[in-house]
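So the structure is just underneath, and the comments pick up after that.
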Amino acid sequence: MRFEYSFNADKNLLAIIEQWQAWLLNERRFSEHTLDGYSRDLACFLQEILSKPVSIDDLQNLEVRDFRRFIAKRSAENIEKSSLCREISAIKNFYKWLKRENLAKNSAISVISTPRKPKVAPKALDVDDSFDVLIEAKNMALNEWQGLRDRAILTLLYGCGLRISEALNLNIGDINEKSDSLRIKGKGNKERIVPLLPIIWKNIEAYLQKCPYNLKTGDPLFLGARGERITARVVQRQVQKLRLYLGLPDTFTPHALRHSFATQLLEQGTDLRSLQELLGHSSLITTQRYTEVKTETLQKEYHKAHPFENKNQ
């Protein structure tokens, strides 16, 4: 096993941990990076929870107060909430696996809740970067039809504010050259109508004309290389190539195009209620996050433009 940490565990528990690591890697298909993080988090927990080497019986006998003491100690060390959340997730994963394998069971861990992560304002691209993404998208794929497919997908995310799953779930017949709107089934099977600009169908049509597969009504609109419905992971990989090529920040993901759609509409005066409907948010509170982005943008523009910022005092 590549991931070698100093686990505060007895010989029996060390062997069990190796089995858990192998399960994460081979059956759950965790990346090496994620497995490394989970192993490190479990090592930290075992180091803190007892001074002596921990046994499987010790893990079964830990009480709620023991877990809470660990969380309190880690919090006092001023680690980020996201890191603490990951540590708790790793510990819960280990206990869940122990129960599944009939090796140990401890109901106390189910009482422990994960700290809430602070809400982060959505990250959006500016208009120029958004258009650069759409222009270059067709050049990142292995062949022309896949490049046109990627551009069509990203145009839908940016032009309609769709979630990646909503775009990839579209079928032939859901949209055509006469469409001026699109019916989308979003989270919780909630339907909404979003307007369509001509450029959106134009890019979809360009893809369909080059697509090597014979598509009929009801078939998936966007296909992978083997003719199956394309997965979000494929789109994410292409966006990563775009990010590196265009020198965009790490926050640029497919979802960032949805954020860009919302932020740029808000900056142009779209009211929150209308934006809520376009995005398919069930709560206006979710939509209000975009006002934080707008305020941040206004502050930057203010400091850039105001004479006080440019005058030597």
Side-chain angles (χ1 to χ4, degrees), residues 121-138 148-209 211 215 217-223 229-230 232 235 238-239 242 252-294 297:
K123 301 296 184 183
L125 299 177
D126 61 28
V127 174
D128 289 340
D129 284 340
S130 299
F131 275 86
D132 285 345
V133 165
L134 300 183
I135 292 170
E136 295 296 337
K138 64 180 178 19
L148 292 171
R149 174 204 63 196
D150 296 343
R151 184 180 65 177
I153 293 171
L154 299 185
T155 302
L156 271 168
L157 303 188
Y158 179 57
C160 296
L162 302 191
R163 300 177 178 93
I164 182 66
S165 59
E166 294 170 346
L168 301 190
N169 283 335
L170 290 173
N171 295 323
I172 296 293
D174 290 343
I175 181 174
N176 58 59
E177 60 182 335
K178 297 180 180 179
S179 302
D180 58 6
S181 63
L182 181 62
R183 185 181 297 273
I184 292 295
K185 184 173 289 187
K187 287 186 177 180
N189 287 326
K190 181 181 177 182
E191 288 194 347
R192 70 184 190 276
I193 303 294
V194 296
L196 286 174
L197 295 170
I199 185 63
I200 296 172
W201 170 249
K202 180 181 177 181
N203 284 350
I204 292 175
E205 186 179 37
Y207 147 68
L208 290 175
Q209 288 177 349
C211 181
L215 298 176
T217 300
D219 287 344
L221 175 57
F222 296 114
L223 300 182
R229 190 184 296 273
I230 191 174
V235 180
Q238 295 307 104
V239 166
L242 275 167
F252 173 55
T253 63
H255 208 62
L257 288 172
R258 174 172 157 90
H259 294 327
S260 303
F261 163 87
T263 302
Q264 291 167 24
L265 285 185
L266 190 62
E267 290 175 350
Q268 293 300 317
T270 304
D271 65 89
L272 280 175
R273 285 292 181 186
S274 298
L275 191 59
Q276 178 189 3
E277 290 298 321
L278 289 171
L279 293 171
H281 287 159
S282 58
S283 170
L284 187 62
I285 294 174
T286 305
T287 314
Q288 285 175 331
R289 291 182 303 164
Y290 291 96
T291 61
E292 299 175 30
V293 180
K294 182 182 179 183
T297 301

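Here the structure is a predicted model, which is why all the values come from computation and not from measurement. Excluded from the calculations below are hydrogen atoms, water molecules and symmetry mates; all remaining heavy atoms, backbone and side chain alike, are included.
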Exercise. Which atom names give the shortest non-hydrogen contact between T263 and A124, and what distance separates them?
Worked result: OG1-CB, 3.6 Å
Exercise. Does I230 reach the side chain of R149, with side-chain heavy atoms less than 4.5 Å apart?
Worked result: yes
For this session: Quick one: which residue pairs count as a salt bridge (charged side-chain N to carboxylate O under 4.0 Å, His left out) with a foot in residues 151-174, not counting sequence neighbours?
Result: R163-E166, E166-R192
Exercise. With a 4.5 Å heavy-atom cut-off, do Y158 and L134 have their side chains touching?
Worked result: yes
For this session: Tell me, yes or no, whether the heavy-atom count around R183 atom CZ, taken from other residues, nucleotides or ligands under 6.0 Å, exceeds 12.
Result: no
Seminar exercise, completed: Rounded to the nearest 0.5 angstrom, the CG-CG distance for N176 and L182 is 10.5 Å
Problem set entry | Test item: D219 side-chain N/O and L215 main-chain N/O as donor-acceptor pair under 3.5 Å | no
For this session: Side-chain contact test, heavy atoms from C-beta onward, threshold under 4.5 Å: evaluate it for S181 versus L196 and give yes or no.
Result: no
Problem set entry | L170 side, atom CG; C160 side, atom SG - distance, nearest 0.5 Å | 9.0 Å
Exercise. Side chains of L208 and I172: does their closest heavy-atom pair fall under 4.5 Å?
Worked result: yes
For this session: Kindly indicate whether the side chain of Y207, heavy atoms from C-beta on, has any atom under 4.5 Å from the side chain of L223.
Result: yes
Exercise. Do L162 and R258 have side chains that get closer than 4.5 Å, going by heavy atoms?
Worked result: no
For this session: Mind checking side-chain contact (heavy atoms from CB on, under 4.5 Å) for L242 and listing every partner two or more places apart, or none if nothing turns up?
Result: V133, E136, A137, M140, L154, L246, F252
Exercise. Measuring from I204:CD1 to L221:CG, what's the distance to the nearest 0.5 Å?
Worked result: 5.5 Å
Exercise. So I175 and W201, side chain to side chain contact (heavy atoms under 4.5 Å, CB included) or not? Walk me through it.
Worked result: CA-CA 8 Å; I175 181 174; W201 170 249; 4.2 Å; yes
Exercise. For the atom pair CG (N171) and CZ (F222), what is the distance rounded to the nearest 0.5 Å?
Worked result: 10.5 Å
Exercise. What is the distance from atom CG of L125 to atom CG of D132, rounded to the nearest 0.5 Å?
Worked result: 9.5 Å
Exercise. For the atom pair CD1 (I199) and CG (L197), what is the distance rounded to the nearest 0.5 Å?
Worked result: 9.0 Å
Problem set entry | Min side-chain heavy-atom separation L156-I200 under 4.5 Å | yes
